Visitor: 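Once you've had a glance at the structure underneath, I'll fire off some questions.
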Amino acid sequence: MELNSGTRFSSNMDLASTFEYNPSTMLYDFFLTNLSNDLQRNVFIQSLRPQLFYKITKDYSLRISVKGEYQDVRNEFNFGYEDINRKYYNFYPSFRFDAPSFSLSYDERLDLPGISQMQPIARQYNQLYTAIGNPDLKANLVRTLNLNVYKYIPSKQINFNLYSGYNFSNNGVLQRSNVNSAGATVASFVNRSGYRNGYLGMSVGKQFKKSQKWQVGLNTSARTNLNQRPFILNADEGFQNSLDIGFGENINLNYGDLLSLNAKYDFYKQMTRYKDVDFAKVNTYTHSAGGEFSLRWPKRIILDANYTYFYNPQIGQGFQRSSHQLNLALSIQMLKKDRGQLKLSVYDLFDQNISINRYAFNNAIGISDRNILRRYFLATYQYKLNVYKK
């Protein structure tokens, strides 16, 4: 038997001041209360968890516990709005079973709604979007089940990994949207059950040692993810179900410390379907391929290259369907025991580092591109300090 007790306190603040242009002063000094934040959430948690640990055999064990938890949550809105305080008393059962290369566990937790979602005001961010807070939002009880299997066979240099999980909740926070004929959205927040998420993935890898220096490795991976979420859009209320499927292949080649070459390919597809509403089906898929190259020749000189190609065939007109991203680096080692290193790098040589995403949300298909960090050059110097103690 084990008995665990814990106390935790956290304080989080959200500060944002928004001003409008003041014609009389020709400055942005007209303070907008309804678009500003002065939020603070203080959480005090006490927990007590008795746990039974049973060692079935040398390699098999079982843990069963029930955690009693008390939460005191204080939401401070300031700006003259009344604070909202909540107290939660809950018991969370959990278990974990461990075996050689295998584990299975179940756990529960309480997720609090965002303090900005509880703010008791209507906030008009622009002419097309207004958000209304709901001070009556409830906390969300999340249940999680996880499975993991791992096996490595040294004699054959084969590794296998299988992982799976399932999450479901009772009172998830849902954004309820009302869109008028002009396209303006008024959003509010309510609790709804029906949030589900399940995933399953696996990978298999093998190393082929052709000689003392040459080595070849293969790795194959596959994954799937299923999401269900409720939604409310005007008079339509239903569920959006998304199934994600991914596949990847990786090949690596090594020749001692001289040469390293890695090639990879990934395919991803998302299928979105709807329940209780007559919305169109949406399918999205992407491809990516690339490789990594490292050469240590001649002596004390290292050349590194990283290349990735992305292709999104369903991206609409005006968006970049494909991109080539190439990073290069040249390193020169110096000083005794190669402790010094001068490195010259260029990131995104073709200046195409743009993240493009296509997704389904409610009754719409969204396409967005995002500039991350485009092409730049970098020079660095590194010196290693090695200390050996007997």
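All values derive from a computational prediction rather than experimental measurement.
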Visitor: Tell me if a side-chain donor or acceptor on N171 pairs with a main-chain N or O of N191 at a distance below 3.5 Å.
Guide: no
Visitor: With salt bridge (charged side-chain N to carboxylate O under 4.0 Å, His left out) as the rule and sequence neighbours excluded, what pairs involving residues 22-42 come up?
Guide: none
Visitor: Mark yes or no for whether S36, through its side chain, and T18, through its backbone, hold a donor-acceptor pair below 3.5 Å.
Guide: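 Side chain of S36 to backbone of T18: a pair is present.
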Visitor: May I have all residue pairs that pass salt bridge (charged side-chain N to carboxylate O under 4.0 Å, His left out) and include part of residues 251-275, sequence neighbours excluded?
Guide: none
Visitor: Hey, what do you get for CG (N327) to CG (L349), rounding to the nearest 0.5 Å?
Guide: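 One gets 8.5 Å once the value is rounded to the nearest 0.5 Å.
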Visitor: Spell out, as yes or no, whether a donor-acceptor pair under 3.5 Å connects the side chain of N180 to the backbone of A184.
Guide: yes
Visitor: S164 side chain to Y199 main-chain N or O, any donor-acceptor pair under 3.5 Å?
Guide: yes
Visitor: Return yes if some donor-acceptor pair links the side-chain N/O of Q228 with the main-chain N/O of G194 below 3.5 Å, else return no.
Guide: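 It does hold such a pair.
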Visitor: Would you please indicate if the ring centroids of F97 and Y106 are separated by under 6.0 Å?
Guide: no
Visitor: Could you check if a side-chain atom of L162 sits within less than 4.5 angstrom of a side-chain atom of F160, using non-hydrogen atoms only?
Guide: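 The answer is yes, as the side chains (C-beta and beyond) meet within the 4.5 Å cut-off.
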Visitor: Any chance the side chains of D59 and T57 put a donor and an acceptor closer than 3.5 Å?
Guide: no
Visitor: Checking D338 against R300 for the salt bridge (Lys or Arg N to Asp or Glu O under 4.0 Å) test, could you report, in this order, the C-alpha distance in whole Å, the side-chain angles of both residues, the deciding distance, and whether it holds?
Guide: CA-CA 8 Å; D338 297 334; R300 289 189 164 188; 2.8 Å; yes
Visitor: Cut-off 3.5 Å, side chains only: do S11 and N42 have a donor facing an acceptor?
Guide: yes
Visitor: Just checking, is any N or O donor in the side chain of T286 or N312 under 3.5 Å from an acceptor N or O on the other one?
Guide: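 N312 and T286 do not have a side-chain donor-acceptor pair below 3.5 Å.
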Visitor: Taking only residues at least two apart or on different chains, which pairs with a member in residues 314-325 satisfy side chain to side chain donor-acceptor pair (under 3.5 Å)?
Guide: Y307-H324, Q325-N353
Visitor: Is the distance between the ring centroids of Y383 and Y381 less than 6.0 Å?
Guide: no
Visitor: Taking A289's backbone N and O only, do any of them form a donor-acceptor pair with Y311's side chain (distance below 3.5 Å, no angle check)?
Guide: no
Visitor: Does R86 reach the main-chain N or O of Q71 with its side chain, forming a donor-acceptor pair under 3.5 Å?
Guide: no
Visitor: What class does the angle between the rings of F44 and Y70 fall in, given that below 30° is parallel, 30 to 60° is tilted and above 60° is perpendicular?
Guide: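 If you compare the ring of F44 with that of Y70, the planes turn out perpendicular.
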Visitor: If you measure from NZ on K281 to CG on N283, what distance do you get to the nearest 0.5 Å?
Guide: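 Rounded to the nearest 0.5 Å, the NZ-CG separation comes out at 8.5 Å.
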Visitor: Just checking Y347 against Y376, ring centres under 6.0 Å apart?
Guide: yes
Visitor: Where the side chain of N126 meets the backbone of Y129, is there a donor-acceptor pair that is under 3.5 Å apart?
Guide: yes
Visitor: I need the T25 OG1 to N22 CG distance, nearest 0.5 Å.
Guide: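 Between T25 OG1 and N22 CG, I get 3.5 Å after rounding to 0.5 Å.
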Visitor: Using 0.5 Å steps for rounding, measure from the CG atom of L48 to the CG atom of L3.
Guide: 5.0 Å
Visitor: CZ/R176 to CD1/I232 distance, rounded to the nearest 0.5 angstrom?
Guide: 5.5 Å
Visitor: Only one of R63, K58, K55 passes salt bridge (charged side-chain N to carboxylate O under 4.0 Å, His left out) with D98; say which it is.
Guide: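 The option that passes is R63.
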Visitor: First locate atom CG of D276, then atom CD of Q240, and finally report the distance between them rounded to the nearest 0.5 Å.
Guide: 13.0 Å
Visitor: With side chain to side chain contact (heavy atoms under 4.5 Å, CB included) as the test, pick out the partner of Q117 among L112, N134, L137.
Guide: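 One option only clears the test, and that one is L137.
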